[in-house]
Amino acid sequence: MTSPLRASRLRLALGILGTTLGLAVALFLLPNASQQLSQQLKARRDAEQGRNQQVEHLKELQSLADRLRRGQQALAGLEARLPRGSAGELQWSLSKTLHQLARKHNLRLVTVKYGLPSKEGARGSDLEAVEVEFVALGLYADHKNFMMELEGSGLPFAVRDGRLEESPEGARLNIILRAFRKTGTPDREEGEA
């Protein structure tokens with residue numbers, strides 16, 4: 001009888017040991033595995049989110065590069081259309097256009113003043129600007145049509161300042177334009193022969 005009792009005790013001891021090991025595994029290893037799994041899932045979500053953000057950032061950069069490329073092409077086209085004559089030829093062309101358009105739109109040019117040519121842009125650029133200031137008198141609707149046609153004239157200028165005021169003679173338009181031309185002789189950089 002001692003032998004079945006001894007075998008039962010041995011089984012009981014092995015059962016307790018197995019249960020203890022099972023509980024230890026359940027208490028220590030399973031939570032660790034669960035935690036590792038949740039960390040891996042979180043890392044995967046973070047990686048996907050980071051990848052999506054990088055894809056969006058790449059799209060934004062591509063869009064910016066495309067806009068820069070189009071801007072460079074537009075600038076190259078504009079620069080190619082700039083007149084290459086002297087500052088006097090540019091002033092003559094502007095004066096002729098201003099007077100023709102003023103006559104066409106029933107405006108009276110009171111004054112037209114030209115500034116001295118000045119270098120524009122970065123060093124090494126052959127871009128020159130001439131300021132043109134003029135005052136025109138007439139009706140508001142005529143001023144509007146005059147400016148719209150002047151802007152569509154193809155002359156290389158930008159409006160630097162403009163004011164439309166009431167006066168006893170009618171609407172008074174004060175405009176300062178900056179007209180541009182290519183000199184054909186870029187400034188040399190320092191150190192060049």
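Because the structure is a prediction, the values reported are computed rather than measured. The figures here come from the full heavy-atom set of this structure, side chains too, leaving out hydrogens, waters and symmetry mates.
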Exercise. According to a 4.5 Å side-chain heavy-atom criterion applied to Ile, Leu, Val, Met, Phe, Trp and Tyr, with indirect links allowed, do Ile176 and Leu98 form part of one hydrophobic cluster?
Worked result: no
Problem set entry | Gln91 side, atom CD; Arg181 side, atom CZ - distance, nearest 0.5 Å | 9.5 Å
Exercise. Is Asn106 close to Leu139 at the side-chain level, that is, under 4.5 Å between some pair of heavy atoms?
Worked result: no
For this session: Indicate yes or no: does Asp66 engage Arg70 in a salt bridge with an N to O separation below 4.0 Å.
Result: no
Exercise. Side chains of Thr111 and Glu133: closer than 4.5 Å at any heavy-atom pair?
Worked result: no
Exercise. Is Leu109 reachable from Leu173 through a run of hydrophobic residues whose side-chain heavy atoms are each under 4.5 Å from the next?
Worked result: yes
Exercise. In the hydrophobic cluster built from side-chain contacts under 4.5 Å, what are the other members alongside Ile16?
Worked result: Leu12
Exercise. Looking at CD of Glu149 and OG1 of Thr97, how far apart are the two atoms once the value is rounded to the nearest 0.5 Å?
Worked result: 10.0 Å
Exercise. Of all residues at least two apart in sequence or in a different chain, which pass the side-chain hydrogen bond (donor to acceptor under 3.5 Å, both in side chains) check with Gln54?
Worked result: none
Problem set entry | Within one Ile-Leu-Val-Met-Phe-Trp-Tyr cluster: Val159 and Met148, side-chain cutoff 4.5 Å | no
Exercise. Roughly how far apart are Glu56 CD and Arg51 CZ, rounded to 0.5 Å?
Worked result: 11.0 Å
Problem set entry | More than 12 heavy atoms from other groups under 6.0 Å of CD on Gln39 | yes
